[in-house]
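Single-structure report; data block below.
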Protein chains: 2
Amino acid sequence: MRNHRQDVVDRALDVLDRYGLADLTMRRLGTELGVRPSALYHHFDDKQSLLAAVADELLARGARPVAPGEWDARVTAICAGLREALLAYRDGAELVATVRAFGLGAAGPYDALRDALRGAGLDPALAGTAADTLLHFVLGHTLDEQTHLQAGSAGAIADDPRPGSDFALGLAIVVDGIRVRVSEAARR
Amino acid sequence: MRNHRQDVVDRALDVLDRYGLADLTMRRLGTELGVRPSALYHHFDDKQSLLAAVADELLARGARPVAPGEWDARVTAICAGLREALLAYRDGAELVATVRAFGLGAAGPYDALRDALRGAGLDPALAGTAADTLLHFVLGHTLDEQTHLQAGSAGAIADDPRPGSDFALGLAIVVDGIRVRVSEAARR
DNA sequence: ACCTGAACACCGTTCAAGT
DNA sequence: ACCTGAACACCGTTCAAGT
């Protein structure tokens, strides 16, 4: 069927959104493209590389420009934009978390965060770790959020009350041991 | 071979530590126990339940009593203890993160954190969300840490310099949009 | 450049039947 | 209570060969 690499990525994103990450298999994707699974290995070394490309495409589609300005406003905008991009596709957060788990992908948000944090005057090495921490948080939180959202939309019963849509929490973090300080909390 | 449920859990933890999560399959575990894979389904409904039991066993083995006292010291001790428990077994962080992803396990640390945070005067519902956030952070951070540690110990080349052992970061977090504020940072 | 056909070495899970 | 034997419906990946 003479697919290009980009056709494969586009179709994979489509399969992801319609059937979920668990059903995004090489065999299924091949079928959707009218091609044997082995043909996919012409375009990608392995499934991990494919998923990394799909994750990056998902993030690219969700990318919104971040206005210059105060560094904390930029960090906020990057995190909010990332969250929105993840929620735009089924299992988006799980996909990106998976891809990051094997050390690939999501370089865009990472770099953007790191640069914004350097703009805050953070030591360059520290800015990298801080960017990782923020990504942990946004991915973890959005993963939960998306799991609950999808459970709600699939279940026979309506959502749990959804008590606002909460919360704030301040942390101060980490060492060889972990040192945590909850510095503020607010609800709205 | 007349295994009890606990024998299966113990052996699974052993296989995890020796071969990693990817090689902890029902078939492999059966072989290690001298039993057909189907025999495992006498003890567990499915692999997810097995993994949940293994995760809880891992956490139970790593559990250390948390001294009463200031709530923030308790939160710190719980997080540090959790991290230590996760690092004590190969792929420990990945296992617990996986188990939590399908909504099971790690209830112990969660409850402990929630109770400590209530002790800080947090609204009960907020304390639950805050406990989730802390778990996100500790799991995410320890996952990275363990990945790098294991990569280092497996690689042909020695560790990257390991520049101290980093970092602190303050956050204030989340909503429908995500609002992040980096409130402090320090290195040592 | 892109794909087929066929194989290899695996998975999780079910279920009737055995002891 | 615990296990076997056999099957079902899948996986990711490789590779020579075709166009």
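In the text below, chain A, chain B and the rest are named by the order of the sequence lines, each starting its count at 1.
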query: In whole Å, what separates the C1' atom of dA16(C) from that of dC2(D)?
result: 15 Å
Interatomic distance at C1', dC8(D) relative to dC11(C), whole Å: 12 Å
Sequence-distant partners of [X], side chain to side chain contact (heavy atoms under 4.5 Å, CB included), two or more places apart:
X	answer
Arg90(A)	Asp17(A), Gln150(A)
Ala116(B)	Arg74(B), Val75(B), Ile78(B)
Leu143(B)	Ala93(B), Glu94(B)
Ala106(A)	Leu59(A), Val96(A), Arg100(A)

- request: Please work out the stems of DNA chain D from pairs that are Watson-Crick or G-U wobble with both distances under 3.5 Å, keeping only runs of three or more consecutive pairs.
  value: C:4-8 with D:12-16, C:12-16 with D:4-8
Shortest non-hydrogen separation from [X] to [Y] and the atoms involved:
X	Y	value
Gln146(B)	Tyr89(B)	NE2-O, 2.9 Å
Thr142(A)	Leu87(A)	CG2-CD2, 3.7 Å
Val8(B)	His43(B)	CG2-CD2, 3.9 Å
Asp132(B)	Tyr110(B)	OD1-CE1, 3.8 Å

message: Holding to salt bridge (Lys or Arg N to Asp or Glu O under 4.0 Å), I want the full list of residues that pass it with Asp111(A), two or more places apart in sequence or in another chain.
response: Arg114(A)
Whether Asp144(B) side chain and Thr147(B) backbone form a donor-acceptor pair below 3.5 Å: no
task: For DNA chain C, note the earliest and the latest nucleotide, 5' to 3', having some atom under 4.0 Å of a heavy atom belonging to chain B.
output: dC11(C) to dC15(C)
query: How many angstroms lie between atom CZ of Phe102(B) and atom OG of Ser49(B), to the nearest 0.5 angstrom?
result: 8.0 Å
Distance-only donor-acceptor pairs under 3.5 Å for side chains of residues 26-41 of chain A, two or more places apart:
unit_1   : atom_1 : unit_2   : atom_2 : d
Thr31(A) : OG1    : Arg27(A) : O      : 3.0
Glu32(A) : OE1    : Arg18(A) : NH2    : 2.9

message: For Glu70(A), is the CD atom crowded, meaning more than 12 foreign heavy atoms sit under 6.0 Å from it?
response: no
Would you jot down, in residue-number order, the residues of [range] having a non-hydrogen atom under 4.0 Å from DNA chain C?
range	value
residues 20-39 of chain B	Thr25(B), Met26(B), Arg27(B), Ser38(B)
residues 89-102 of chain B	none
residues 41-50 of chain B	Tyr41(B), Asp46(B), Lys47(B)

statement: Quick note, salt bridge (Lys or Arg N to Asp or Glu O under 4.0 Å) partners involving residues 53-63 of chain B, not counting sequence neighbours, are Asp10(B)-Arg61(B), Glu57(B)-Arg61(B)
- prompt: Of the options Asp91(B), Leu95(B), Val99(B), which is the one that meets Leu58(B) in a side chain to side chain contact (heavy atoms under 4.5 Å, CB included)?
  reply: Leu95(B)
